[in-house]
Amino acid sequence: MAGPGRGTGSGDATYRALVRPLLIPSWLVIGILMVLPVALMAVYSFLTKEFRGGVIWDFTLAAYDQFFLDRGLFGDEPPRIEWTYITIFWRSIWQAVLATLLCLLIGFPTAWFIATRPARTRGIWLFLVTIPYWVNLLIRTVSLRFLLRDQGPMNEALMSLGLISSPISIINTNLAVQIGLFYSYLPFMVLPIYAAVERYNFALSEAAADLYASRWATLREIVLPVVKPGIIAGCILVFIPSLGAFLAPDLLGGAKTFMIGSLIDEQFRGSQGNWPFGAAVAMILMTLVLIVLLVYARAQGRAPR
Amino acid sequence: MKGVRHYPGFLPLTILCLVVLYTPLIVVAVYSFNASTSITSWGGFSLRWYGEVFTGREAARFGQAAWNSITIALMAATTATVIATAAALAMVRGGPFRGRQASFALINLPLMVPEIVIAVATLIFFSTIGLRTGYLTILLAHITFCIPFAYLPIAARLEGIEGTYEQAARDLYATRAQAFRLILLPLMMPGVISGWLLAFIISLDDFIITNFVKGAGMETLPTAIFGSVKQGIKPNIMAISTLMLLVSVLFVTAAYLINRKGRQSP
């Protein structure tokens, strides 16, 4: 990145020292309005809940206890593992993994296809994939719900084509949430893989072909290892928002498709809420995300340059 | 011989990808022109739901929500762009310095943390310092998460401008301030504008964080739409959605064209 003279004002040390303080506003804003709040959220997860929402400043492990342990209806039984919330997490992780794989399955060929177009048309293809990325996720999810409804356009089209005789119910199932996550985050998969394929040196594929490697063997043995950083970046960009998704499970799913996002949201709604518990669930979610990011950073560090 | 770039089946999958991405949006846009009151059957072409958006029963509620959304997006995008431009100058023109990596991570932090976590943390923060949730809290939250979206195109643009331009101006006896105002700022303008446009769209579109910090009685367009959709998708919602879709497409197209034009000129 740092070529000679680039980005340095040609070695003017005074200039460099002059512009560095310009970082201060961004430190202040993000520090006060994001880092501090997250730290405060960690503190809240150890506080006592107040019954009308909010907290009492008494430190306790109650929120985490509620998450992991079942002490019976009156809290006097020997603790057993509480499966309710672990199940919700497990379902969310599973849904996010499936969404990631599905996005990869469609996203990789799309990224490859676009990156191998002539320069003239490549921009247009890329632009077509980028637009949905910038369209309001709420509107996209509502649109999908409209399309998939029992009496919706998709069922009508399938019935008028004679492919099905009665509407298929997709809304309020795990499948609908799955489709929603896949549809929501598909552009997040295509863009980083595209960036990696665009930098790929096709002479490598030609060399493999000269040595009688089949197309698919070349893809598996040469292309995939080289563009792996792009693939991993795409998977992270799909996995993380899928894990904490709120709109897809809320608008497309039902009671049986409850995910982490809905669980957290519920704790902050009205007087039924439990702020410390919500903060604790958010902390556990953030810990999961942090683990994923650390694994990613290590994989990037190991990747051949 | 189609060469090593061709893989059979990749074109159909690409088309499938685009069909998946666009079908729901196109279907809703088409149905927003439906004359029928029922959302299920097609009753011919009509603009009545667009009229309903501006004059109908819910017009005042959505009008107020749209006003909130637009004013917040204008202020949040502008503030975030100023902060991001300053940060980009320091990061790209500041040379190597201690804390550069950490600053980069900090600026991009809003992209790394799941939205729902940011939402919870921000609500807790405002509640602790005793700031009543409402217009101001939405604005503050939006400024924060807009910063990385404005930062990325600005920094990318700035990295493509060699220091020699400013150096030449300095050699011709321009002061540092003049070199910045007359040379660097015009050159980085395309990046600044596309950063602003993207930040504006991101602010206009946000639902999850806004929903947490908006407080009772305060609505932006997405939260108003969400509230309505909970009672079923009505045709006027489809008209509003189509209008918002159009705004997004226009803004992103503008950002794309400005960035491309800027890339060709210097």
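Residue numbering restarts at 1 for every chain, and letters A, B, ... go by the order of the sequence lines.
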[X], part contacting chain B, at a heavy-atom distance under 4.5 Å:
{"X": "A:E156", "value": "side chain"}
{"X": "A:Y133", "value": "side chain"}
{"X": "A:L219", "value": "both"}
{"X": "A:L138", "value": "side chain"}
{"X": "A:L186", "value": "side chain"}
{"X": "A:L293", "value": "side chain"}
{"X": "A:F146", "value": "both"}

Any donor-acceptor N/O pair, [X] side chain to [Y] backbone, under 3.5 Å:
{"X": "A:R20", "Y": "B:A90", "answer": "no"}
{"X": "B:Y7", "Y": "A:R215", "answer": "yes"}
{"X": "B:R5", "Y": "A:F113", "answer": "no"}

How long is the span from the [atom1] atom in [X] to the [atom2] atom in [Y], to the nearest 0.5 Å?
{"X": "A:L290", "Y": "B:M112", "atom1": "CG", "atom2": "CE", "answer": "11.0 Å"}
{"X": "B:I83", "Y": "A:S26", "atom1": "CD1", "atom2": "OG", "answer": "7.5 Å"}
{"X": "A:S143", "Y": "B:I237", "atom1": "OG", "atom2": "CD1", "answer": "11.5 Å"}
{"X": "A:I260", "Y": "B:I116", "atom1": "CD1", "atom2": "CD1", "answer": "10.0 Å"}
{"X": "A:Y183", "Y": "B:C17", "atom1": "OH", "atom2": "SG", "answer": "11.5 Å"}
{"X": "B:L204", "Y": "A:N136", "atom1": "CG", "atom2": "CG", "answer": "7.5 Å"}

Can you name the closest pair of heavy atoms from B:I233 and A:V142 and give their distance?
->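 Scanning both residues completely, I find the closest heavy atoms to be CD1-O, 3.8 Å.
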Keeping to residues at least two apart or across chains, list the side chain to side chain donor-acceptor pair (under 3.5 Å) pairs with something in residues 199-214 of chain B.
->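 Listed once each, the pairs are B:H142-B:S203, B:H142-B:T210, B:D206-B:T210.
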Only pairs at least two apart or in different chains count here, so list each side chain to side chain donor-acceptor pair (under 3.5 Å) that has a residue in residues 10-28 of chain B.
->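 Sorted pair list comes back empty.
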Do A:L33 and B:F126 touch side chain to side chain, with heavy atoms closer than 4.5 Å?
->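 In contact.
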Which answer fits B:V20, side chain, backbone, both or neither, if we ask what part of it has an atom under 4.5 Å from a heavy atom of chain A?
->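 Both backbone and side chain.
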Chain A contact via B:I202 - which portion, at a heavy-atom distance below 4.5 Å =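 Only the side chain of B:I202 comes within 4.5 Å of chain A.
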Could you go step by step and tell me if B:F10 and A:T116 meet the side chain to side chain contact (heavy atoms under 4.5 Å, CB included) rule?
-> CA-CA 11 Å; B:F10 278 22; A:T116 54; over 6 Å; no
Pull out the residues in residues 240-247 of chain B that come under 4.5 Å of chain A, heavy atom to heavy atom, sorted by number.
->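 Residues B:S241, B:M244, B:L245 are the ones that qualify, each having a heavy atom under 4.5 Å from chain A.
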State whether a side-chain donor-acceptor pair under 3.5 Å links B:T128 with A:Y44.
->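 Indeed, the side chains of B:T128 and A:Y44 share at least one donor-acceptor pair under 3.5 Å.
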Given side chain to side chain contact (heavy atoms under 4.5 Å, CB included), test B:F97 with A:L23 step by step and report yes or no.
-> CA-CA 12 Å; B:F97 58 92; A:L23 267 175; 3.5 Å; yes
With a distance cut-off below 6.0 Å to the six-membered ring centre and an angular limit of 45° from the axis, does A:R269 pair with B:F212 as a cation-pi contact?
->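 Relative to the ring axis of B:F212, which defines the angle, A:R269 lies inside both limits.
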N/O donor to acceptor pairs below 3.5 angstrom from side-chain atoms of residues 278-289 of chain A, sequence neighbours left out:
{"unit_1": "A:T287", "atom_1": "OG1", "unit_2": "A:M283", "atom_2": "O", "d": "2.6"}

